[in-house]
Amino acid sequence: MFSSTLRAVLTALCLSSSVAAVLAENKNEPLPTLIGACAITSIVEIGGRLEGDDTFETGTFVGFANEGLQIGYDRVEAVVRSKIGDPVRICLTDIPQDCPPGDDRGRGYRTTNLRTGESWEMADSQHMCGGA
């Protein structure tokens, strides 16, 4: 029998992104709430920052099955190359401080597409808390 630590290391070394994608199918974990925590979910929407922008000239939007989203003013090629249904791992990287009560915009996430192996970082809002 392998120890749980050794099993985790062997699993990490052996899993390719395509195998990881198969293992992640049908998972839909809630968005992480602690910095460094991650969740597995899938992509349900990809588009430009502004509705109707299929060229991504206004930026990039990606929505997830766990109701999370990421949005930004830049064209993010890793998102553009993603597909609806792709499994992803989304990790919380930043929580803004000193926000007005009830305004939790601007959380930063690093997302990895488990099919392509590509990652990107974007916030969950176009503006930080307390902004426009």
Side-chain angles (χ1 to χ4, degrees):
M1 272 293 172
F2 292 117
S3 72
S4 60
T5 303
L6 181 56
R7 184 179 296 122
V9 169
L10 290 173
T11 301
L13 291 173
C14 294
L15 287 179
S16 70
S17 62
S18 61
V19 172
V22 170
L23 293 175
E25 282 183 27
N26 300 320
K27 280 204 170 190
N28 190 29
E29 300 170 341
L31 280 172
T33 57
L34 300 173
I35 291 178
C38 301
I40 302 294
T41 189
S42 61
I43 295 174
V44 296
E45 187 175 358
I46 299 170
R49 182 181 63 86
L50 297 180
E51 193 171 339
D53 173 17
D54 58 355
T55 63
F56 299 89
E57 288 181 18
T58 61
T60 306
F61 171 87
V62 58
F64 304 105
N66 65 0
E67 298 184 10
L69 64 91
Q70 289 177 292
I71 190 165
Y73 286 93
D74 296 320
R75 178 184 169 110
V76 178
E77 293 300 330
V79 175
V80 173
R81 286 188 289 271
S82 295
K83 297 179 181 179
I84 303 300
D86 280 353
V88 297
R89 180 178 52 249
I90 183 167
C91 302
L92 183 61
T93 59
D94 184 57
I95 300 174
Q97 302 298 308
D98 302 318
C99 296
D103 188 353
D104 60 359
R105 295 176 295 164
R107 290 175 181 242
Y109 295 93
R110 179 173 178 80
T111 302
T112 300
N113 183 317
L114 299 176
R115 178 183 62 85
T116 66
E118 294 183 285
S119 297
W120 61 87
E121 291 189 31
M122 294 186 343
D124 65 357
S125 176
Q126 298 175 69
H127 304 283
M128 298 301 288
C129 66

Please check: side-chain N/O of [X] versus main-chain N/O of [Y], any donor-acceptor pairing under 3.5 Å?
X	Y	result
Asn66	Asn28	no
Asp74	Val76	no
Arg75	Thr55	yes
Ser125	His127	yes
Thr41	Phe64	no
Thr112	Arg89	no

Find out if a path of hydrophobic residues (ILVMFWY) with successive side-chain heavy-atom gaps under 4.5 Å connects [X] to [Y].
X	Y	value
Ile35	Met122	yes
Ile90	Ile95	yes
Ile71	Val88	no
Ile84	Phe56	yes

To check you understand the geometry: which heavy-atom pair defines the closest contact between [X] and [Y], and what is its length?
X	Y	value
Glu118	Ala78	CB-CB, 3.8 Å
Cys38	Pro32	N-CB, 4.0 Å
Glu29	Ala39	OE1-CA, 3.3 Å
Ser82	Asn113	OG-ND2, 3.0 Å
Ser42	Gly85	CB-O, 4.0 Å

Assess, by modelled atom type and distance only, whether the side chains of Thr111 and Gln70 contain a donor and an acceptor separated by less than 3.5 Å.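 On atom types as modelled, these side chains qualify, holding a pair under 3.5 Å.
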Step-by-step side chain to side chain contact (heavy atoms under 4.5 Å, CB included) determination, Thr60 to Trp120: CA-CA 11 Å; Thr60 306; Trp120 61 87; over 6 Å; no
From CD1 (Ile43) to NZ (Lys83), nearest 0.5 Å: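 Here the rounded value is 11.0 Å.
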Find the distance between SG (Cys99) and CE (Met128) and round it off to the nearest 0.5 Å.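 Rounded to the nearest 0.5 Å, the SG-CE separation comes out at 7.0 Å.
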Any side-chain heavy-atom pair of Ile46 and Val79 under 4.5 Å: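 Yes, side chains in contact.
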Arg110 versus Ser119: any side-chain heavy-atom pair under 4.5 Å?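 A side-chain contact exists here, since the closest heavy-atom pair is under 4.5 Å.
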In a check of side chain to side chain contact (heavy atoms under 4.5 Å, CB included) between Tyr109 and each of Asp94, Leu69, Leu31, which one passes?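 Single side chain to side chain contact (heavy atoms under 4.5 Å, CB included) partner of Tyr109 among Asp94, Leu69, Leu31: Leu31.
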Considering residues, nucleotides and ligands other than Glu77, do more than 12 of their heavy atoms fall under 6.0 Å from its CD?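 Yes.
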Between Arg107 and Asp124 (salt bridge meaning N to carboxylate O under 4.0 Å), is one present in this structure?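 Asp124 and Arg107: not salt-bridged.
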